[in-house]
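Each residue takes its place number in the sequence, starting with 1. Reckoned from all heavy atoms, side chains included, excluding hydrogens, waters and symmetry mates.
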Amino acid sequence: MNVILVFFFTIVLATVPVAAEPKPAGYVVRLALAPADTTAIVRDGRELAPKLLMPLYNGDVVLVRDPESRVEIEVGEGGRIEIGGTRLRYVVTGEIATSDDAGAIFSAIAQILDGEKPGRMVANREKGNLKLAMAVPGPNFLVKGERELWLAWAGGKGPFKVILEIDGRTKVFTLIRDREFTLHIPDGDLKRFEIVIKDSGGKLSRSTIRFRDVLPALPSALARAAPGETTATLAHAAYLTTLHEGDWTMEAAQMLHHRGASDDASAELLDRIVRGWKFD
């Protein structure tokens with residue numbers, strides 16, 4: 001009898017499902033807090049400080065204590081909810097389908113936006129007085145159809161020249177005093193071109209640009225975990241920096257600068273990418 005009971009309990013224990021990690025029900029996508037506000041995310045009785053792209057889980061309570069403050073969250077199907085004003089408390093419910101890969105990318109983005117030491121990003125640590133940090137030494141890919149390329153660099157002494165080299169032909173843009181420039185790409189079926197940035201002291205930064213027919217798509221698991229324009233743009237840009245050792249990073253910067261950098265989170269991620277940070 002004892003053997004039978006032990007066998008029975010062993011079977012029961014073996015078939016008890018292991019509790020899965022909870023999936024997010026949404027993300028914080030905008031924060032506008034009054035100076036002295038103590039707005040919090042209440043989770044299991046603990047108060048947590050809200051942060052951009054912070055994941056929210058079923059049962060979390062967004063508690064805004066100053067009516068002037070605003071917390072905007074993004075939930076499934078791209079829906080958005082704003083807490084503040086006359087709505088000072090909101091209980092988060094449900095889940096968004098996600099995956100381990102999605103969680104890793106969102107975690108990395110959140111770490112960068114929080115100003116913490118990145119856990120899944122690496123810095124371009126090449127030293128130099130003039131550097132287009134978001135470019136890689138090999139080819140840098142852009143999707144066909146781009147006709148304006150936004151460039152931003154660090155170091156060097158102005159004014160600068162931006163030199164465009166195509167099939168042995170050279171076009172020079174001079175007296176650029178800011179460390180950024182929008183390059184107009186000539187029409188035509190271009191396969192590649194070279195960009196040279198030159199400072200007033202003769203220092204150079206050279207990058208090779210190649211075109212590809214199709215922009216790499218965001219994997220379906222990440223797309224499901226990034227509902228709505230804000231998180232989808234951030235996730236796609238972050239994902240592009242992981243490809244081929246970062247040679248899609250300039251396209252990621254294009255995406256954030258031209259299509260999605262109107263919000264604080266996208267602008268902050270763009271700034272980090274421009275300074276040479278790439279997802280590992």
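Considering only residues two or more places apart in sequence or on other chains, His244 meets the side chain to side chain donor-acceptor pair (under 3.5 Å) condition with none of them.
Counting side-chain heavy-atom gaps under 4.5 Å among Ile, Leu, Val, Met, Phe, Trp and Tyr, Val214 is found in no cluster with other residues. Val91 belongs to a hydrophobic cluster whose other members, connected by ILVMFWY side-chain contacts under 4.5 Å either directly or through intermediates, are Val42, Val61, Leu63.
Between Ala152 and Val274, the shortest heavy-atom distance links the atoms CB-CG1, 3.7 Å. The minimum heavy-atom distance between Ile185 and Glu146, with the atom names listed, is CD1-O, 3.7 Å. Residue Thr233 comes nearest to Met255 through the heavy atom pair O-SD, 3.8 Å, listed as atom of the first residue, atom of the second, then distance. Residues Phe160 and Asp178 come closest through the heavy atom pair CD1-O, 3.9 Å.
When the shell of 6.0 Å around CZ of Arg89 is examined, it contains 12 or fewer heavy atoms from other residues, nucleotides or ligands. Dense packing is recorded around CD of Glu194, with more than 12 heavy atoms of other residues, nucleotides or ligands lying under 6.0 Å away. When the shell of 6.0 Å around CD of Glu245 is examined, it contains 12 or fewer heavy atoms from other residues, nucleotides or ligands. Atom NZ of Lys144 sits in a crowded spot, with more than 12 heavy atoms from other residues, nucleotides or ligands closer than 6.0 Å.
The hydrophobic cluster containing Ile197 also contains Phe181, counting ILVMFWY residues as joined when their side-chain heavy atoms lie under 4.5 angstrom apart, directly or transitively.
Using modelled atom types and a 3.5 Å distance limit, the side chains of Asp37 and Ser69 yield a donor-acceptor pair. For the residue pair Trp150 and Glu180, a side-chain donor N or O sits within less than 3.5 Å of a side-chain acceptor on the partner.
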